[in-house]
A.B. asks: 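Got a structure for you, written out below as structure tokens; questions coming shortly.
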Amino acid sequence: MADLQSKPLIELNLDTREITITNNIKYIDIDKNIANIFLQIYREDSTGLKAYLTKEELDSFVGKMFLIKPVTNDFTEITGVTTEEFKSDNGGGVMRFIIPTKCTNRNGIVKCEIHINKNNELLASDRFVYNVKQSLVTQFNDSLLEDSDFPILQQLILETQKASNIDDDNRSKITTY
């Protein structure tokens, strides 16, 4: 599953500095090492056709993506890497943003902001969201244990147990959390 059916693509028009998100971005909470967002930068030629920048031209740009995780509001900063792996018919290069597992392991809407700079000048920025849905395969997996919030969750369970006078002796065998 190294290749998703739909590749989330962001386009930046250098002439207007407008950023366009070309499709809805969705992941499943078990997606690991395949959650990527791609950026292509283009100029319009005299006929109005898009002329995409090559990988070499993209190397002079710096792309940063800032993400806020649902519920916990954990903040993550990702720097884009230029590549030709998503090379399409247009021959342009792309900037790839690799979304870490900690940003796909919790269901909900992830808020994102992208900044594109050249020569320390902000050329464009925009906000968007992507949705993380729960997998049908599993309802509880190791992704929760990898979550940086897991110790807080454990502490809240202990506090709730103490407040409700629930301990190992008083808990029934059918109690679930």
Side-chain angles (χ1 to χ4, degrees), residues 1-135 143 146-149:
M1 197 170 179
D3 196 20
L4 292 177
Q5 283 185 326
S6 65
K7 292 184 174 144
L9 181 63
I10 298 170
E11 289 188 338
L12 167 62
N13 181 336
L14 274 181
D15 300 321
T16 63
R17 297 188 177 192
E18 182 179 325
I19 292 177
T20 306
I21 314 298
T22 59
N23 47 1
N24 277 338
I25 304 172
K26 298 176 188 172
Y27 297 112
I28 298 176
D29 62 359
I30 59 172
D31 285 346
K32 294 182 182 182
N33 304 321
I34 61 170
N36 301 295
I37 295 177
F38 298 92
L39 168 77
Q40 283 194 305
I41 300 176
Y42 68 92
R43 293 185 186 277
E44 290 184 5
D45 65 16
S46 59
T47 62
L49 294 175
K50 295 177 181 179
Y52 290 92
L53 301 186
T54 65
K55 178 192 177 302
E56 292 74 25
E57 293 171 316
L58 281 175
D59 286 337
S60 64
F61 292 82
V62 175
K64 296 254 185 210
M65 190 174 297
F66 306 93
L67 301 94
I68 298 179
K69 189 173 169 181
V71 181
T72 64
N73 290 327
D74 280 351
F75 183 79
T76 302
E77 180 180 325
I78 303 167
T79 301
V81 178
T82 56
T83 179
E84 289 183 331
E85 77 178 71
F86 181 59
K87 193 171 184 175
S88 60
D89 296 337
N90 60 41
V94 294
M95 191 174 292
R96 176 182 177 203
F97 296 90
I98 302 168
I99 309 300
T101 302
K102 71 178 187 174
C103 295
T104 59
N105 69 348
R106 181 179 296 269
N107 302 339
I109 300 292
V110 177
K111 297 175 186 174
C112 307
E113 189 168 294
I114 189 167
H115 294 192
I116 308 302
N117 295 286
K118 184 171 184 178
N119 301 327
N120 293 325
E121 178 189 348
L122 182 64
L123 295 181
S125 64
D126 201 359
R127 294 181 68 185
F128 63 96
V129 297
Y130 68 80
N131 193 7
V132 179
K133 298 193 179 238
Q134 186 171 15
S135 170
S143 64
E146 294 170 7
D147 195 325
S148 60
D149 307 317

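Because only heavy atoms are used, hydrogens play no part in the values below, and waters and symmetry mates are left out as well, while side chains stay in.
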A.B. asks: I'd like to check the side-chain hydrogen bond (donor to acceptor under 3.5 Å, both in side chains) partners of Ser60; sequence neighbours left out, ordered by chain and number.
C.D. replies: none
A.B. asks: Would you sort out whether Phe66 and Arg127 count as a side-chain contact (heavy atoms from CB on, under 4.5 Å), showing the intermediate values?
C.D. replies: CA-CA 9 Å; Phe66 306 93; Arg127 294 181 68 185; over 6 Å; no
A.B. asks: To the nearest 0.5 Å, how far apart are CG in Leu9 and CD1 in Ile21?
C.D. replies: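 Reported value, rounded in 0.5 Å steps: 8.5 Å.
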A.B. asks: Is there a side-chain contact between Cys103 and Ile78 (heavy atoms, below 4.5 Å)?
C.D. replies: no
A.B. asks: Please determine whether side-chain contact (heavy atoms from CB on, under 4.5 Å) holds for the pair Ile41 and Leu58, giving the CA-CA distance in whole Å, both sets of side-chain angles, and the decisive distance to 0.1 Å.
C.D. replies: CA-CA 8 Å; Ile41 300 176; Leu58 281 175; 3.6 Å; yes
A.B. asks: Side chain of Lys69, backbone of Lys102: donor and acceptor closer than 3.5 Å?
C.D. replies: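 Flag set: sc Lys69 to bb Lys102 pair under 3.5 Å.
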A.B. asks: Out of curiosity, Glu18 CD to Glu11 CD, how far, rounded to the nearest 0.5 Å?
C.D. replies: 10.5 Å
A.B. asks: With sequence neighbours excluded, what pairs up with Asp15 under the side-chain contact (heavy atoms from CB on, under 4.5 Å) test?
C.D. replies: Asn13, Arg43, Glu44
A.B. asks: Please name all residues satisfying side-chain hydrogen bond (donor to acceptor under 3.5 Å, both in side chains) with Ser46, sequence neighbours left out, ordered by chain then number.
C.D. replies: none
A.B. asks: Who pairs with Asp126 by salt bridge (charged side-chain N to carboxylate O under 4.0 Å, His left out), at least two apart in sequence or on another chain?
C.D. replies: none
A.B. asks: Mind checking salt bridge (charged side-chain N to carboxylate O under 4.0 Å, His left out) for Glu56 and listing every partner two or more places apart, or none if nothing turns up?
C.D. replies: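 In terms of salt bridge (charged side-chain N to carboxylate O under 4.0 Å, His left out), with neighbours along the sequence ignored, Glu56 is linked to no residue.
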A.B. asks: Run the side-chain contact (heavy atoms from CB on, under 4.5 Å) test on Thr83 and Val94 for me, step by step, so that the C-alpha distance in whole Å, both residues' side-chain angles and the decisive distance to 0.1 Å come before the verdict.
C.D. replies: CA-CA 6 Å; Thr83 179; Val94 294; 3.5 Å; yes
A.B. asks: With the side chain counted from C-beta on, respond yes when Phe61 and Leu53 share a heavy-atom pair under 4.5 Å apart, and no when they do not.
C.D. replies: yes
A.B. asks: Can you tell me how far apart CE (Met65) and OG (Ser125) are? Round to the nearest 0.5 Å.
C.D. replies: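 That separation rounds to 12.5 Å.
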A.B. asks: Which donor-acceptor pairs under 3.5 Å do side chains of residues 109-123 form with protein atoms, sequence neighbours excluded?
C.D. replies:
residue: Glu113; atom: OE2; partner: His115; partner atom: NE2; Å: 2.6
residue: Asn117; atom: OD1; partner: Leu122; partner atom: N; Å: 3.3

A.B. asks: Rounded to the nearest 0.5 Å, how far does CD1 of Ile99 lie from OG1 of Thr76?
C.D. replies: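 Those atoms lie 9.0 Å apart.
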A.B. asks: Give, for atom CE of Met95 and atom CG of Leu12, the distance between the pair rounded to the nearest 0.5 Å.
C.D. replies: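 That separation rounds to 9.5 Å.
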A.B. asks: Please enumerate all residues that pass ring pair (Phe, Tyr, Trp, His ring centres under 6.0 Å) together with Phe97, with sequence neighbours excluded.
C.D. replies: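 With sequence neighbours excluded, Phe97 shows a ring pair (Phe, Tyr, Trp, His ring centres under 6.0 Å) to no residue whatsoever.
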A.B. asks: How long is the gap from OH on Tyr130 to OG1 on Thr104, to the nearest 0.5 Å?
C.D. replies: 6.5 Å
A.B. asks: Can you list everything that forms a ring pair (Phe, Tyr, Trp, His ring centres under 6.0 Å) with Tyr42? Sequence neighbours excluded, please.
C.D. replies: Tyr52
A.B. asks: Could you check Ile10 against Ile37 for side-chain contact (heavy atoms from CB on, under 4.5 Å), going step by step and ending with a plain yes or no?
C.D. replies: CA-CA 7 Å; Ile10 298 170; Ile37 295 177; 3.5 Å; yes
